[in-house]
Amino acid sequence: DTHPIKTNGNKVISQLLLTEPAPLCATPDNSTNDDNLKALLTLCDLLNRELLVMIGWAKHIPGFSALSLVDQMALLQSGWMETLVLSVVSQSLGYGEELVFAGNLRLDQAQCRASGLSDLYTALRQLTTKYQQMNLSQEEVVTLKAMALANSDAENLENAEAVQRFQDGLHEALQEYEISQQPVELHRAGKLLMTLPLLRQTANRAVDTFCRLHLEGRVPMHKLFLEMLDAKI
Amino acid sequence: KEKHKILHRLLQNSTSPVEL
């Protein structure tokens, strides 16, 4: 891990910074000469690998592994797209109008439109702009990612109290972090939590987009990605 | 669970996931 770690005294956030996966590189798909299809194929391959990494990452979120296997599955099945969306959005911060899926896979509005990703572009840009305006820190990004998973409103939890404790631990960490910042921005933690509805909405749009791509049958999707999409519909 | 067997297996594995 080559990420610089800022110590801020908060154990949970330090752990989250440490376990934040290094960004993946896209593997350009050379099976087609159609640039738009190539972008979609490359993107689907990248997102499948992101999912694999995310499942490994989740195990290292403080409190996650203490949950039952059934509840771990339930949280991931409902929250995975929100976590993926936050990864893309955090990489896109500071990149103007492009969506940065990976350092070597950046798509602008025209490219997204040509690839059939207009809706996804609009939704992701709205969230990116919001976080850009808030000047989100890396600590806040990693905490929001973990919170999105913890707060994914999974149904049929085995132990809702344990999931509540998991959420409380992350919430406490965020509050402690914000209080430790100078100057203290009043209501900062609340402002961050108030972005979660837009994150949920954006993730739902993303799920719709990939379900549509799958139904159109132009883009073969990996087994894990399909399995996770299936859990969302 | 049967329907979501890859996720199930990945969560059970303590080692890094290998199956795509």
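Letters go in sequence order (proteins before strands), and every chain restarts at 1. Predicted model, so just to flag it, every value in this text is computed and none were measured.
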From [X] atom [atom1] to [Y] atom [atom2], the distance as rounded to the nearest 0.5 Å:
| X | Y | atom1 | atom2 | result |
| --- | --- | --- | --- | --- |
| A:L67 | B:L11 | CG | CG | 10.5 Å |
| A:L69 | B:Q12 | CG | CD | 5.5 Å |
| A:K223 | B:K5 | NZ | NZ | 7.0 Å |

Donor-acceptor pairs under 3.5 angstrom involving side-chain atoms of residues 207-217 of chain A: please list them, not counting sequence neighbours.
from, atom 1, to, atom 2, distance (Å)
A:T209, OG1, A:R205, O, 3.0
A:R212, NH1, A:E216, OE2, 3.2
A:R212, NH2, A:G116, O, 2.7

- Query: What residues form a side-chain hydrogen bond (donor to acceptor under 3.5 Å, both in side chains) with A:D29, not counting sequence neighbours?
  - Reply: A:S31
- Minimum side-chain heavy-atom gap B:I6-A:F225 below 4.5 Å: no
- Query: Which atom pair, heavy atoms only, marks the closest approach of A:M73 to B:L7?
  - Reply: O-CD2, 3.9 Å
- Would you say A:Q164 has more than 12 foreign heavy atoms packed within less than 6.0 Å of its CD? yes
Just distance, no hydrogens or angles: give the donor-acceptor pairs under 3.5 Å from side chains in residues 154-162 of chain A, sequence neighbours left out.
from, atom 1, to, atom 2, distance (Å)
A:E158, OE1, A:S68, OG, 2.7
A:N159, OD1, A:E161, N, 3.2
A:N159, OD1, A:A162, N, 3.0

- Within residues 74-92 of chain A, residues adjacent to chain B where the heavy-atom gap is under 4.5 Å: A:L76, A:Q77
